[in-house]
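On a predicted model such as this, the values are computed, not experimentally measured, just so you know.
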Amino acid sequence: MLLPRKECDVEEGGSDGEEEERPAWNSKLQYILAQVGFSVGLGNVWRFPYLCQKNGGGAYLVPYLILLILIGIPLFFLELAVGQRIRRGSIGVWNYISPRLGGIGFASCVVCFFVALYYNVIISWSLFYFSQSFQQPLPWHECPLVKNKTNVVPECEKSSATTYYWYREALNISNSISEGGGLNWRMTLCLLAAWSMVCLAMIKGIQSSGKVMYFSSLFPYVVLICFLVRALLLKGSVDGIRHMFTPKLEIMLEAKVWREAATQVFFALGLGFGGVIAFSSYNKRDNNCHFDAVLVSLINFFTSVLATLVVFAVLGFKANIMNSKCVALNTNKIVALLGNGIDERLIPKHINLTQVSQVSADDYHQMIEVIKGVKEDEYQQLGLESCSIEDELNKAVQGTGLAFIAFTEAMTHFPASPFWSVMFFLMLVNLGLGSMFGTIEGILTPLIDTFKVRKEFLTVGCCVLAFSIGLLFVQRSGNYYVAMFDDYSATLPLLIVVVLENVAIAWFYGIDKFFEDLKDMLGFTPYRFYYYMWKYITPILLLVLLCSSLIQLTMTPPSYSAWIQEEAKEQTLRFPTWGIVVCISLVVMAIMPVPVVFGLRYFNIIDDNTSGLSTVSYKKGRIIKESARPGEDDDTSLIQGKSPSEAPSPMPGNSIYRKQSGSGGPDADTAPNGRYGIGYLMADMPDMPESDL
């Protein structure tokens, strides 16, 4: 991704005065695609449409856009600007801004690890479905028969073919989180494949990075547009889109809608993970990061809207099919009741009940209205359903329920359904891996910066450890652990991280100094709007969001949705005591680095000024230590009155990795140009201190 252009700095502390190379973005387009690829993930496809449907349809876009302007863009701009100016990963940036808040970077690292553990499991599920899609008909097309018998499996008969396939064939799920049930060997192999893909991508890097970058970031858009065009040609798709964009304005006044919109804005842009900061640290100092922040935020928003159009067009088609089945089933009931509860004279003359398949939904509703008007009290006993497309569309689904049940069921009715299934799950794998590469780099880079270990060994070690812990998620009760981690390991910790990021810049470092830095970097003073956002509005809104999330968590007892095999339906169960302890532990472990580092700094166990003592970097397998310039102080302005070319940048003295090239010599290390990995590579900036943390 970063080849072939390099920014070169001459090493000051080296013995042989070699010229070091600093990786830089090959083009502005690749950088924008990287930021878009990192922020656009599975949530855009299966979370945003659900929130739209649940929170007022088209009306939901209003609070979402307002909060994108008040929270999303200012915070995204802040992370881009900090990364571009200080040119470090998350630990280095926040340790430099305020050493006492250096734990922010470590907290981001812990959250990244928790998220990576379960996120790769979702990729393994997608891989499994992808591998099963090369069949005609698709294996979840219809219910299987009981072995050596002619009747359908009862669990499937009570639910549906796709629901049965998801819970029984794919997950082979247990009835509760307490019933482990042993490993699901097929999912274990898929998880191994997913971690192997991540490990190989991170360890070797992308040599022909440009082609892969363009494919990996643009492929989901190709699939979404293809799906939208195909879905619009299917009967009922317009019903789905109309349902989606019909605004329910009264819902907009509910506080819950605004809280969920703020949370979605927050996570959609990938704030707090450290990936945004790292990518921007490889820009030129005069890059217009304000333009980047607005552009990427709007692309992310329009991607969510595009995904929502696709989802509801497909769900509209599915609702139409389900409604037709409902009409046929209930028309047969009416035929059976003629002369035995229903008078034949009640049936409108133009409706021919001898050909049930010819009875339309409008015809059925006419019959129902007449029968209901005559029978009144006895109508309920007839057992006739209303068969409404609106009712079908109101069955809100999100996450795995949308991707692996509702969407897969709709695709079974597509012409050439295996092709569309392959495309859909390949898109999910691609979206997931894009986010995974950035997340894993958020773990590796801070550790490399801090402990100076070889990336190759750390990558393999991290992936092996994560796969080993990830076996928890591929046992029969694994889906419940995924839900637990998704609900508790990231939401609160990331909110706290971003609140602290905002406070660190606005109040510890100083908003006026930061504006001076921005003016020097961009060549113009940013809008005063950002001054008031960063200093007052955004932190207040974040604190309100944090408090409301805390209240929601404390008011809602920790629970999960379990699949009961005998009843073939979902049931909400409370977590056992040990499960609640795990939930609390996840939150505490993620936040712990912040108070720990603060305490170590505050009580001078680690001196605040030690981050300015020296820079350390790899050089041909040896650690080189260089003296920092005297008089350098972490608390001074980032510019210190120097021009961008003269201003010290708080980066390690030498490039941790070097690309093999003519000047690099045979001992030079290959730069790990992974899809998202490269953003974190450290550069040749010998002037500024490396944190002792």
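Residues satisfying the ring pair (Phe, Tyr, Trp, His ring centres under 6.0 Å) criterion with Phe425, sequence neighbours excluded, are Tyr129, Phe404. For Lys28, the salt bridge (Lys or Arg N to Asp or Glu O under 4.0 Å) test picks out Asp292, with sequence neighbours left out. Checked against ring pair (Phe, Tyr, Trp, His ring centres under 6.0 Å), Phe598 has the following partners two or more places apart in sequence or in another chain: Tyr602. With sequence neighbours left out, the ring pair (Phe, Tyr, Trp, His ring centres under 6.0 Å) criterion links Phe312 to no other residue.
For the atom pair OG (Ser549) and CG (Leu492), the distance works out to 6.0 Å, reported to the nearest 0.5 Å. Between the CH2 atom in Trp534 and the CG atom in Leu78 there is a gap of 5.5 Å [rounded to 0.5 Å]. A distance of 6.0 Å separates OH of Tyr530 from CD1 of Ile73, quoted to the nearest 0.5 Å. Here CG of Leu545 is found 9.5 Å from OG1 of Thr491. Values are rounded to the nearest 0.5 Å. In this structure, CD1 on Ile537 lies 12.5 Å from OH on Tyr531, to the nearest 0.5 angstrom. Put simply, CG on Leu295 and CZ on Phe76 are 9.5 Å apart, with the number rounded to the nearest 0.5 Å.
Few gaps surround CZ on Phe515; more than 12 heavy atoms of other groups in view lie less than 6.0 Å from it. Environment of CZ in Phe291: sparse, with no more than 12 heavy atoms of neighbouring residues, nucleotides or ligands closer than 6.0 Å. Around the CZ atom of Phe524, the shell of radius 6.0 Å holds more than 12 heavy atoms that belong to other residues, nucleotides or ligands.
With contacts defined as side-chain heavy-atom distances shorter than 4.5 Å, the pair Val62/Ile66 qualifies. For the pair Ile241/Leu232, a side-chain contact is recorded, criterion being any heavy-atom separation below 4.5 Å from C-beta on. Contact of the Asn283 side chain with the Cys289 side chain is not registered, since no non-hydrogen atoms from C-beta on lie closer than 4.5 Å. A heavy-atom distance below 4.5 Å is not found between the side chains of Ile32 and Phe279. A heavy-atom distance below 4.5 Å is not found between the side chains of Arg85 and Phe514.
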**OP:** Decide side-chain contact (heavy atoms from CB on, under 4.5 Å) for Tyr31 and Ser280; before the verdict, give the C-alpha distance in whole Å, the side-chain angles of both, and the deciding distance to 0.1 Å.
**Re:** CA-CA 8 Å; Tyr31 164 67; Ser280 68; 3.7 Å; yes
**OP:** Go through Asn300 and Val36 one step at a time and tell me if the side-chain contact (heavy atoms from CB on, under 4.5 Å) criterion holds.
**Re:** CA-CA 7 Å; Asn300 191 295; Val36 169; over 6 Å; no
**OP:** Show the numbers, then the answer: is there a side-chain contact (heavy atoms from CB on, under 4.5 Å) between Phe114 and Thr439?
**Re:** CA-CA 10 Å; Phe114 285 158; Thr439 305; over 6 Å; no
**OP:** Begin from the C-alpha positions of Val311 and Tyr50 and carry the test side-chain contact (heavy atoms from CB on, under 4.5 Å) through to its verdict.
**Re:** CA-CA 9 Å; Val311 166; Tyr50 163 76; over 6 Å; no
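Side-chain atoms of Asn44 come within 3.5 Å of backbone N or O of Gly41 as a donor-acceptor pair. The backbone N or O of Leu70 lies less than 3.5 Å from a partner atom in the side chain of Thr538, making a donor-acceptor pair. For Ser108 (side chain) and Gly272 (main-chain N/O), a donor-acceptor pair under 3.5 Å exists by modelled atom type. Under the 3.5 Å distance criterion, the side-chain polar atoms of Trp258 are matched with a main-chain donor or acceptor of Met252.
Residue pairs meeting the side chain to side chain donor-acceptor pair (under 3.5 Å) criterion with at least one member in residues 55-80, sequence neighbours excluded, are Asn55-Glu260. Within the structure, no pair that satisfies the salt bridge (charged side-chain N to carboxylate O under 4.0 Å, His left out) test touches residues 214-223, not counting sequence neighbours.
When Val498, Ile496, Val497 are each tested for a side chain to side chain contact (heavy atoms under 4.5 Å, CB included) with Leu500, only one passes: Ile496. When each of Ile97, Ile277, Asp517 is tested with Ile86 by the rule side chain to side chain contact (heavy atoms under 4.5 Å, CB included), just one qualifies, namely Ile97.
At a cut-off of 3.5 Å, with distance as the only test, a side-chain donor of Thr303 or Tyr221 sits close to an acceptor on the other residue.
Ring-plane geometry between Phe424 and Phe407 is classed as parallel, the angle between the planes falling under 30 degrees on a 0 to 90 degree scale with a further cut at 60.
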